[in-house]
Undergrad: 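Next up is a structure, given as structure tokens.
Quick caveat: nothing in here was measured; it's all calculated off a predicted structure.
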Amino acid sequence: MARGVRGRLRGRSPRAVLAPAAALALLLATAGCGDSGGADGGGTADGKGLEKATITVGTMPVADTAPLQLAIAKGFFKAEGLTVRTTTLQGGAESVGRLRAGALDISFGNYVSFFLAHAHKALDVRIVADAFALAPKTHAVLVRKDSPVKSLKDLEGKKIGVNTKRNISSLLVRKAAKAEGVEFDEDADFAEVDMPNMETALKSGSVDAVQAAEPFVSAIEESGTGRVVADLGRPPTAGFPIAGYATTARFAEKNKKTVEAFQRAMARAQKQAANRSTVVRTLPDYTRITPDQAAQLHLGGYPVALDPARLRRVVDLMREFGYLRRPLDVEPLLVRTGP
């Protein structure tokens, strides 16, 4: 994380979730490896019957992955006879590349990256668990505090900074803007800006607005640099599916019992993450968010089961804005063998 942003976060209290778009900036906020040998609920299963008793899972130090950390710390994986070793990633593109190379067995990542990789035949994707859904104040568009812009419509013809073009960041902005009667162009209206540099970009005027995810939304607001003009956690993108856990078709087919074990452990953890205090207590264990900061976060949703209807929203939106040229059937990509 950039030193300036990290310093402010230490002294202030971010109010919302650390979303996948912020993963690159937060990569250095925690150690990169872990395993499932935690206490508190560890089971006695010995892994017999599993095709692979030890797996490597890609993760990111963000609130979205709190259930994964819960499953490790509380021994949910161990109870299934499964040892999970984690590798910290920079973002969706890296998760796809490492899955393809066989360096990861399962990985956390945003759905747009996974579906794009599958559609472009870069990876034969299988989704094994849901992770995170958008909620109010988890993503926002901000402008300079003294900007005359009052809505997304006012940003027509201006430049918007996003973490990555043609991905979840610009997709959410384009959908919200369309509801206000504005059609943004992916190349003309967006500029790629790393999340830690968004405040600097606003200050310098190199962009007119930024699409940030917490804790950067709060950092920009609290510094007095910017203000929110659009909360992307509200309609028309309210509850939008952001991220999940994926593997390859090859791994899913050859390791059915292992995948089922992973799913059962994650379902237990996702269910527990519905209790806000559980997530708040977990965050400081694997990020540099302080307990006081974690207590004030606005958290997104942690779906327990894969729902094809929900994930079709992602495909439909990708189709609407030309990210996908052909229909993509979500159902065959979901591994729903677990309870």
Side-chain angles (χ1 to χ4, degrees), residues 1-2 4-31 59-74 88 91 108 110 130-142 163 168-169 172 195-196 198-199 210-228 230-234 237-244 266 269-304:
M1 182 182 297
V5 173
R6 181 185 294 166
R8 280 200 305 279
L9 295 182
R10 278 294 190 183
R12 303 185 182 196
S13 299
R15 298 188 304 274
V17 68
L18 311 181
L24 175 62
L26 295 177
L27 175 62
L28 300 179
T30 186
T59 187
M60 300 173 193
V62 291
D64 314 45
T65 60
L68 178 68
Q69 299 300 324
L70 277 171
I72 292 172
K74 294 202 171 189
T88 302
F108 170 84
N110 75 81
D130 208 336
F132 178 79
L134 202 62
K137 298 185 179 180
T138 60
H139 293 66
V141 177
L142 300 96
N163 194 49
I168 188 67
S169 298
L172 292 173
M195 203 71 66
M198 286 186 172
E199 183 175 342
V210 294
Q211 189 276 298
E214 287 288 2
F216 298 100
V217 174
S218 291
I220 292 171
E221 283 189 301
E222 292 172 17
S223 70
T225 298
R227 56 182 171 81
V228 173
D231 180 356
L232 300 178
R234 299 190 179 280
T237 51
F240 195 78
I242 298 294
M266 284 303 302
Q270 293 280 119
K271 187 177 295 185
Q272 288 203 4
N275 185 330
R276 175 184 170 81
S277 63
T278 300
V279 177
V280 168
R281 287 194 303 269
T282 302
L283 282 169
D285 294 338
Y286 70 102
T287 72
R288 290 193 177 180
I289 296 294
T290 68
D292 287 344
Q293 291 166 349
Q296 298 191 45
L297 293 177
H298 286 271
L299 300 175
Y302 297 99
V304 174

Undergrad: Return the CE to CG distance between Met266 and Leu68, rounded to the nearest 0.5 Å.
TA: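 Here the rounded value is 5.5 Å.
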Undergrad: Is the backbone of Pro61 close enough, under 3.5 Å, to the side chain of Thr65 for a donor and an acceptor to pair up by distance?
TA: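 Flag not set: sc Thr65 to bb Pro61 has no pair under 3.5 Å.
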Undergrad: Locate the shortest heavy-atom distance separating Gln270 from Pro303; write the atom from each residue and the value.
TA: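 Heavy-atom minimum between the residues: NE2-O, 2.7 Å.
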Undergrad: Enter the distance from Arg281:CZ to Leu70:CG here, rounded to the nearest 0.5 Å.
TA: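 Going from the CZ atom of Arg281 to the CG atom of Leu70 covers 8.5 Å.
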Undergrad: Check side chain to side chain contact (heavy atoms under 4.5 Å, CB included) between Val279 and all other residues, then give those that pass, not counting sequence neighbours.
TA: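 With neighbours one apart ignored, the set is Ala66, Ala273, Leu283, Leu299, Tyr302.
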Undergrad: Please check: side-chain N/O of Asp231 versus main-chain N/O of Lys137, any donor-acceptor pairing under 3.5 Å?
TA: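 Yes.
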Undergrad: Hey, could you give me the CG/CD distance between Leu232 and Gln211, rounded to the nearest 0.5 Å?
TA: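 Answer rounded to 0.5 Å: 5.5 Å.
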Undergrad: Can you name the nearest heavy-atom pair linking Pro284 to Val280, along with the distance?
TA: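 So the two residues come closest at CD-O, 3.1 Å.
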Undergrad: When rounded to the nearest 0.5 angstrom, what distance separates CG in Asn110 from CG in Asn163?
TA: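 Between Asn110 CG and Asn163 CG, I get 10.0 Å after rounding to 0.5 Å.
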Undergrad: Measure across Phe108 and Ala131 and return the closest heavy-atom pair with its distance rounded to 0.1 Å.
TA: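 Looks like CE1-CB, 3.7 Å.
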Undergrad: Minimum heavy-atom separation for Ala135 and Gly300, please, with both atom names.
TA: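 Scanning both residues, the minimum pair turns out to be CB-CA, 3.6 Å.
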Undergrad: Kindly compute the distance separating NE2 (His139) from CD1 (Ile242), expressed to the nearest 0.5 Å.
TA: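 So the gap between those two atoms works out to 4.5 Å.
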Undergrad: Looking at OG1 of Thr138 and CG of Leu297, how far apart are the two atoms once the value is rounded to the nearest 0.5 Å?
TA: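 Result: 11.0 Å between the selected atoms.
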Undergrad: With Thr225, which residues qualify under side chain to side chain donor-acceptor pair (under 3.5 Å), at least two apart?
TA: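 With neighbours one apart ignored, the set is Glu199, Ser223.
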